[in-house]
Protein chains: 2
Amino acid sequence: MVSQRGEGETTTTPAEAADKERARAIPEAAVARLAVYLRVLSGMAESGVTAVSSEELSQAAGVNAAKLRKDLSYIGSYGTRGVGYDVEVLVSHIERILGLTRNHSVAVVGIGNLGHALANYGGFPGRGFPVTALFDVDADLVGIPVGGIPVNHIDEITAICLEREVSIGVIATPPPAAQSVCDRLVSAGVQCILNFAPVVLQVPDNVEVRKVDLAVEMQILSFHVARRADEAASVSVGNNGLGVDGMVIRP
Amino acid sequence: MVSQRGEGETTTTPAEAADKERARAIPEAAVARLAVYLRVLSGMAESGVTAVSSEELSQAAGVNAAKLRKDLSYIGSYGTRGVGYDVEVLVSHIERILGLTRNHSVAVVGIGNLGHALANYGGFPGRGFPVTALFDVDADLVGIPVGGIPVNHIDEITAICLEREVSIGVIATPPPAAQSVCDRLVSAGVQCILNFAPVVLQVPDNVEVRKVDLAVEMQILSFHVARRADEAASVSVGNNGLGVDGMVIRP
DNA sequence: TACCGCTTGTGAACGCATGCACAAAGTCGG
DNA sequence: CCGACTTTGTGCATGCGTTCACAAGCGGTA
Ligand SMILES: NC(=O)c1ccc[n+]([C@@H]2O[C@H](COP(=O)([O-])OP(=O)(O)OC[C@H]3O[C@@H](n4cnc5c(N)ncnc54)[C@H](O)[C@@H]3O)[C@@H](O)[C@H]2O)c1
Ligand SMILES: NC(=O)c1ccc[n+]([C@@H]2O[C@H](COP(=O)([O-])OP(=O)(O)OC[C@H]3O[C@@H](n4cnc5c(N)ncnc54)[C@H](O)[C@@H]3O)[C@@H](O)[C@H]2O)c1
């Protein structure tokens, strides 16, 4: 939509220019939360809710109310004191800041277990991320449609990514293939990569990589179990009976 | 150096007690990285590498060398100055800190696109996370084995989780079902939950939740694309030629 | 219009995490 | 046995992110 990102302050509206400058200053952590607020707000809008206070929204998003207000303040002052926020207004401003005013075409590479799930998932197109290309090295898969999109051979990746203006590449290949797939995506001009393979990817500075590592997530959970078990042990043994139920006594 | 506050020394060995006390102090961010180091180190061990310096390991893990050393220092001093770290030793210490010395049984709830992929994935059991139970509400799925494990009906979740000592529950149901599934997992004694459904789960304090939200990941990538585009525009037009290549000029 | 109560937006303080820089501590060659 | 070289472990400064607390601002009410 709009935002023909023209030049500096001469042709853009003051509001747009202000947004651009602000975008640079938004903390990474706040960006992630803004995406969550957006989802919650979208849900509210669908339910017919038109206004919301920082307290309500923060509850629904599972964060501290002050943090929520600060996060929203990064994108501008669109609330009304004494009242709250207009849901629609907030949605459109967050969408603008997150760059969701245009679609981002997605390519999935590696159509195995995970690739199939991603290709079949209906949740992305509706949120502005249409999956427009699938790639695999396996000749048996090439040509077969998955989730409505036919699989192409990995060797066609450059041509097809350029043609379909892919802006996000998703890597769902086995670990050994990930770096080479990544390199090919990068040389096809893809600047955003979401990596499911448990390997550290090397990319140029102008490419943004985010990784999803399920084994790491589970290990973090495991750490917390262990920590909790230790704490419980300390309380019951170390404090020698002073601690009742699970409460930690010492500060 | 070693942190007081411990009285646990009476029943545990000093080394164990020291670990337990340290575990409490490890920053969350460092825990996530330790899991990455562990994966890299395991790969090195398999390749026959026996020793590694902080510089090498940090390269392989994609982090700053000083940060890596600090992370490792949280779990103790197991390096040799002038030489580096023994791979095996480091692996075993990280595993101990992360609580990986025992297996953590995993249950997957919601055997749809994503649930199938998870159940079929061979990478978890090898890392100490055997998938031991699958649940779905769909009668057509119940009884059918996926990845070698038969699917059970969701109503059996409490009994089976207790019986198989499930410690991690993975939620891969549609969003509306997620909270109720979560509640059932919690009442079955599961204290760790990995949630793929795009909803904020409410849980008691003694339960740890981690979420994987792919739409949020993509939106973060989208934000960076937009920011980059804006910067490019500012530099080429706003600064009126003063900025060459991608460098940001104004602070 | 003037007041009241409510909610936002933000300055300021705090706490956590990162990265630097270097002393301490070890190896290895001679 | 010594001295040069290498690499760890960490004190310290810096920057980022979170939280508190409250003035400013707005709608409603009399
Ligand atoms: N399935 C899961 O639940 C899961 C969980 C965690 C991590 N992962 C990771 O995600 C990745 C994919 O997992 P999966 O279970 O789907 O694996 P999979 O083996 O089922 O699928 C991998 C696919 O990638 C294709 N492929 C291999 N080399 C390729 C290349 N060079 N170019 C293009 N395609 C290529 C294969 O033909 C295959 O279709 C792996 O790295 C895995 O570690 C998967
Ligand atoms: N598939 C993906 O790639 C993907 C990507 C991002 C997010 N997600 C999220 O992951 C979740 C699962 O996605 P999916 O594509 O596998 O969905 P899906 O519809 O294919 O599968 C959902 C499964 O959950 C089962 N189910 C429904 N209610 C249940 C209940 N109360 N108890 C137990 N099982 C129940 C259904 O029978 C079905 O088998 C969704 O929340 C989705 O938003 C999926």
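In what follows, chains are A, B, ... by sequence order, proteins preceding strands, each numbered from 1.
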Whole angstroms only, please: what is the CD1-C1' distance between A/Ile26 and D/dG17? 14 Å
Whole-Å distance between C/dT8 P and A/Asp86 CG? 13 Å
Between C/dT7 and A/Arg81, counting only base atoms on the nucleotide and side-chain atoms on the residue, is there a donor-acceptor pair under 3.5 Å? no
Between P on C/dG26 and OH on B/Tyr78, what's the gap in Å once rounded to a whole number? 16 Å
Using a 4.5 Å cut-off on heavy atoms from C-beta on, say whether the side chain of A/Gln191 contacts that of B/Val225. no
OP1 or OP2 of D/dG9 under 4.0 Å from side-chain N/O of B/Tyr85: yes
Given C/dT18, D/dG9, C/dG26, the nucleotide with the shortest approach to the side chain of B/Arg33: C/dT18
Whether A/Ser54 contacts C/dT8 is assessed here as follows: a side-chain N or O lying under 4.0 Å from the phosphate OP1 or OP2. Is that the case? yes
If you find the nucleotide of DNA chain D closest to A/Thr80 and the one closest to B/Ala66, which residue's nucleotide is nearer the 5' end? B/Ala66
5′-ward residue of the pair A/Glu28/A/Val83 relative to DNA chain D: A/Glu28
In whole angstroms, how far is the C1' atom of C/dG19 from the CG atom of B/Leu72? 16 Å
B/Asn64, nearest nucleotide to its side chain (from C/dA17, C/dC20, D/dT18): C/dC20
Rounded to whole angstrom units, what separation is found between the CZ atom of B/Arg69 and the C1' atom of C/dA23? 13 Å
When rounded to the nearest 0.5 angstrom, what distance separates CG in A/Leu185 from OG in A/Ser180? 9.5 Å
Rounded to the nearest 0.5 Å, how far does CD1 of B/Ile75 lie from OH of B/Tyr37? 10.5 Å
Using whole Å, report how far CD of A/Glu55 lies from P of C/dT8. 9 Å
Whole angstrom is fine here: how far is it from NZ in A/Lys67 over to P in C/dG15? 16 Å
Can you tell me which nucleotide in D/dT8, D/dT18, C/dT10 comes closest to the side chain of A/Ala29? D/dT18
Presence of donor-acceptor pair under 3.5 Å, side chain of B/Lys70 and base of D/dG9: no
In this structure, how many angstroms lie between the C1' atom of C/dT7 and the CG atom of A/Leu57, rounded? 14 Å
Tell me whether B/Arg127 is salt-bridged to A/Glu217, with the criterion being a basic N under 4.0 Å from an acidic carboxylate O. no
The side chain of A/Ser53 is closest to which nucleotide in this list: C/dT8, D/dG27, D/dG9? C/dT8
Working note: A/Arg210 + A/Glu28, criterion salt bridge (charged side-chain N to carboxylate O under 4.0 Å, His left out); need CA distance, chi angles, decisive distance, verdict. CA-CA 12 Å; A/Arg210 294 194 62 90; A/Glu28 183 80 13; 3.3 Å; yes
